[in-house]
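Written out below as structure tokens is the structure these notes cover.
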Amino acid sequence: MSDIPEHSQSDDDLPEQLRVRRDKRDRLLAGGTEPYPVEVPRTHTLAQVRAAHPDLPADTQTGDIVGVTGRVMFMRNTGKLCFATLREGDGTELQAMLSLANVGEESLSAWKSDVDLGDHVFVHGEVITSKRGELSVMVDAWQLTSKAMRPLPVAHKEMSEESRVRQRYADLIVRPRAREVVRTRANVLRALRDSFHGRGFTEVETPMLQTLHGGASARPFTTHSNAFDMDLYLRIAPELYLKRCVVGGIEKVFEINRNFRNEGSDSSHSPEFAMLEYYEAYATYDTIADLTKQLVQEAAEAAFGSQIVTLHDGTEYDLSGEWASITMYESLSEALGEEVTPETTAEKLHAVAEARGIEVDPKLTHGKLVEELWEELVGDHLYAPTFVRDFPEETSPLTRAHRTKPGIAEKWDLYVRGFELATGYSELVDPVIERERLTAQSTLAAGGDEEAMQLDEDFLRALEYGMPPTGGAGMGVDRLLMALTGLGIRETILFPLVRPE
RNA sequence: GCGCCGUUAGCUCAAUAGGCAGAGCAGCUGGCUCUUAACCAGCGGGUUCGGGGUUCGAGUCCCUGACGGCGCACCA
């Protein structure tokens, strides 16, 4: 994209179409016409005009005089009668007609010479229908409200994926679907909040600038505070703060906000992503799974009016009813045709991986091996919504051990359309065990494991005051949008991170 | 981080074997009082991503850098 600095370039250096529009602006100003007026006497929105005249026959005069505004999306100028399609923010369009008889020679020729595709205009006149039946304003006066200096992207060809992301504003102007996704996202977020509020949850906002990084296994971004003269981390998860809330008596708590992870970026990962986490005292990973299912179903219902959603490629995806539930060890055993349990040795699992031609890091221990093999053999093939329960205890340092099955943690992952949408736990609340787990993590961190958590003494102190038995879960909000729409993560995030041009 | 592919007019794209850089839309001029991606006639618009090289001649071949897409690795 050519970014033209405001003053460092003479008009001669501008691309032709930008120069033409700049010349028009200069000419208007020189002639005493303000191309960017402060206000205009708008009396109706385009939607109001449409709503007031739903079913007029062709060639009707209503006697209704309105002043309306919009961006010029199409122009069809003939000798003595000009047509323009105006569009306002919600996508509503309305036609403006300018005839020589109504506006006069000077005004009509000014329209033809001054107004370009993409300009914002105000038009005043009578609401009519054209001879072809199109609802229109027969203009008696008009005025530019904002002169565009850049031509619109072609409306009939999709912008390239890169242009859409880099210039989302232009994407939003020309592509109704882009605007629809923004509104769908807003509806989903509102539905989530409504679902929580309806169940007595309290929304909180916890720090995104943190002095320690913890709450998940992920590489953090670092930054620096001048005032405190210390390095800080952008948070990778709100978990440890939300648990402090539960300790403090905010026993049904949720947060929707950003996490930052200094890791890969692809069609389902973004360095900056929206996270929903929720914790409920006296819930377990069973009840929190049920809540999670309801959240997703209620979001689908609110955004699309149905729990069977139509994805971007036109296929339907059914989120209704009960969802499948499998356990990690059983489903892995089934896929392998041989029993895998928490007692199965790492040596044995390495042998299994090799026999299957699955490459794994030879340093991996039991827990990570089981997860790796499971993802390869089972997870990647899950399409219908499925809870995968009972993870290896070793890889879940913040999770309570299973109440009856040794070596297993009360943790589930929710898979939807082949990717991980959410994860839930019966939270570990024993401060002594928690200290052991986090100490082990911090030893890993000190040993160079960039994903391992640091020892958060303040968090442990909070737990030592006593945290009630609690169920908790986290859901990727961008991924929820992906699940509901079938779009990639860069389409569900309005302004995803891109390198500067 | 590695591999493959790509970057050409405002936008979306084409360009034979290395031989005059094109189209549609958009823009400009003129015409047209019922158009719907209007139409008709004419015209203009390019650092072919940047730098270097080979060649009589490079959008095209080679080297290098930037940016992007996809795959792999990491991750949610």
Side-chain angles (χ1 to χ4, degrees), chain A residues 1-2 4 13-21 23-24 58-59 73-85 93 95-103 108 112-113 116-118 128-136 138 148-167 170-171 173-175 216-220 236-237 259-277 359-361 371-372 375 379 413-416 419-423 450-451 474-480 482-483 488-490 498-501:
Chain A
M1 299 304 99
S2 56
I4 310 300
D13 293 335
L14 290 173
E16 185 201 23
Q17 297 198 45
L18 274 59
R19 193 186 65 241
V20 166
R21 285 160 184 259
D23 289 347
K24 288 182 182 179
D59 208 7
M73 297 308 293
F74 297 106
M75 296 186 76
R76 298 168 291 277
N77 290 349
T78 72
K80 300 185 179 64
L81 183 63
C82 297
F83 301 86
T85 302
E93 295 186 344
Q95 179 167 271
M97 296 171 62
L98 289 88
S99 79
L100 179 64
N102 284 278
V103 298
L108 189 70
K112 288 193 220 175
S113 62
D116 289 304
L117 226 39
I128 62 154
T129 53
S130 69
K131 286 178 182 168
R132 299 286 177 85
E134 176 108 15
L135 189 66
S136 309
M138 180 52 87
M149 289 293 106
R150 279 179 192 273
L152 244 33
V154 171
H156 313 293
K157 294 254 184 176
E158 278 222 325
M159 296 171 76
S160 63
E161 202 272 343
E162 185 182 353
S163 299
R164 293 209 306 260
V165 169
R166 284 192 185 277
Q167 298 191 50
D171 184 31
I173 291 170
V174 298
R175 194 166 60 99
S217 294
R219 293 179 63 176
I236 56 173
N259 287 350
F260 306 87
R261 298 192 182 178
N262 206 341
E263 289 165 347
S265 177
D266 58 34
S267 62
S268 63
H269 297 82
S270 175
E272 174 182 5
F273 65 102
M275 189 71 183
L276 161 66
E277 286 200 11
E359 283 186 34
V360 292
D361 187 333
E371 290 189 15
E372 195 92 3
E375 273 169 38
D413 270 3
L414 170 59
Y415 273 71
V416 168
F419 59 84
E420 189 186 335
L421 173 62
T423 181
E450 288 170 310
E451 292 180 4
M475 189 189 308
V477 174
D478 317 295
R479 288 190 167 192
L480 175 56
M482 291 166 60
I489 202 165
R490 279 156 64 90
V498 285
R499 281 182 208 276
E501 291 161 68

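In what follows, chains carry the letters A, B, and so on, assigned in the order in which the sequence lines appear, proteins first and then strands, with residues in each chain numbered from 1. All values derive from a computational prediction rather than experimental measurement.
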Inset, instruction - Looking at every strand, decide which applies to A:Phe419 at a 4.0 Å heavy-atom threshold: base, sugar-phosphate, or nothing. - result: nothing
Legend entry - Residue closer to the 5' end of RNA chain B, A:Ala84 versus A:Ser113 (nearest nucleotide): A:Ser113
Legend entry - Counterpart base for B:rG71, defined by Watson-Crick or G-U wobble contacts under 3.5 Å: B:rC2
Legend entry - Check: B:rG10 base within 3.5 Å donor-acceptor of A:Gln17 side chain: yes
Inset, instruction - Quote, to the nearest angstrom, the P distance that separates B:rU60 from B:rC2. - result: 25 Å
Legend entry - P-based separation of B:rC49 from B:rU12 [nearest Å]: 14 Å
Inset, instruction - Could you tell me whether A:Glu161 and A:Arg490 have a side-chain N and a carboxylate O separated by less than 4.0 Å? - result: yes
Inset, instruction - Would you indicate what A:Lys112 reaches in the nucleic acid, counting non-hydrogen atoms under 4.0 angstrom: base, sugar-phosphate, or nothing? - result: nothing
Inset, instruction - Look at the side-chain N and O atoms of A:Lys131 and state whether any lies under 4.0 Å from the OP1 or OP2 oxygen of B:rC34. - result: no
Legend entry - Between B:rA73 and B:rG3 - C1' atom distance, rounded Å: 11 Å
Inset, instruction - Tell me which of A:Ser160 and A:Ala101 sits closer to the 5' end of RNA chain B, going by the nucleotide each one is nearest to. - result: A:Ser160
Legend entry - A:Thr423 side chain near B:rA76 phosphate (N/O to OP1/OP2, under 4.0 Å): no
Inset, instruction - Using a 4.0 Å heavy-atom cut-off across all strands, classify A:Ser217 as base, sugar-phosphate, or nothing. - result: sugar-phosphate
Inset, instruction - Tell me the partner of B:rG22, counting only Watson-Crick (N1-N3 plus N6-O4 or O6-N4) or G-U wobble (N1-O2 and O6-N3) with both under 3.5 Å; none if nothing fits. - result: B:rC13
Inset, instruction - Ignoring hydrogens and angles, state whether a donor on the side chain of A:Arg150 or A:Gln167 is under 3.5 Å from an acceptor on the partner side chain. - result: no
Legend entry - Pairwise C1' distance for B:rU29 and B:rU7, with rounding to whole Å: 34 Å
Inset, instruction - Could you please name the partner base of B:rG50, counting Watson-Crick and G-U wobble pairs only when both distances are under 3.5 Å? - result: B:rU64
Inset, instruction - Report which part of the nucleic acid A:Gln95 touches: base, sugar-phosphate, or nothing (heavy-atom distance under 4.0 Å, all strands). - result: base
Inset, instruction - Write down the distance separating the P atoms in B:rU47 and B:rC43, rounded off to the nearest Å. - result: 22 Å
Inset, instruction - Sort out the partner of B:rU29 for me: Watson-Crick or G-U wobble, both distances under 3.5 Å, none otherwise. - result: B:rA41
Inset, instruction - In whole angstrom, give me the gap between the C1' atoms of B:rG59 and B:rG1. - result: 31 Å
Legend entry - Spacing of A:Met475 atom CE and A:Thr423 atom OG1 [to the nearest 0.5 Å]: 11.0 Å
Inset, instruction - Would you mind checking if A:Arg479 and A:Glu420 are paired as a salt bridge, meaning a charged N to carboxylate O distance below 4.0 Å? - result: no
Legend entry - C1' atoms of B:rG46 and B:rA14, separation to the nearest Å: 15 Å
Legend entry - Span that lies between the C1' atom of B:rG69 and that of B:rC20, in whole angstrom: 33 Å
Inset, instruction - Without swapping roles, check the side chain of A:Ser270 against the backbone of A:Glu272 for a donor-acceptor pair under 3.5 Å. - result: yes
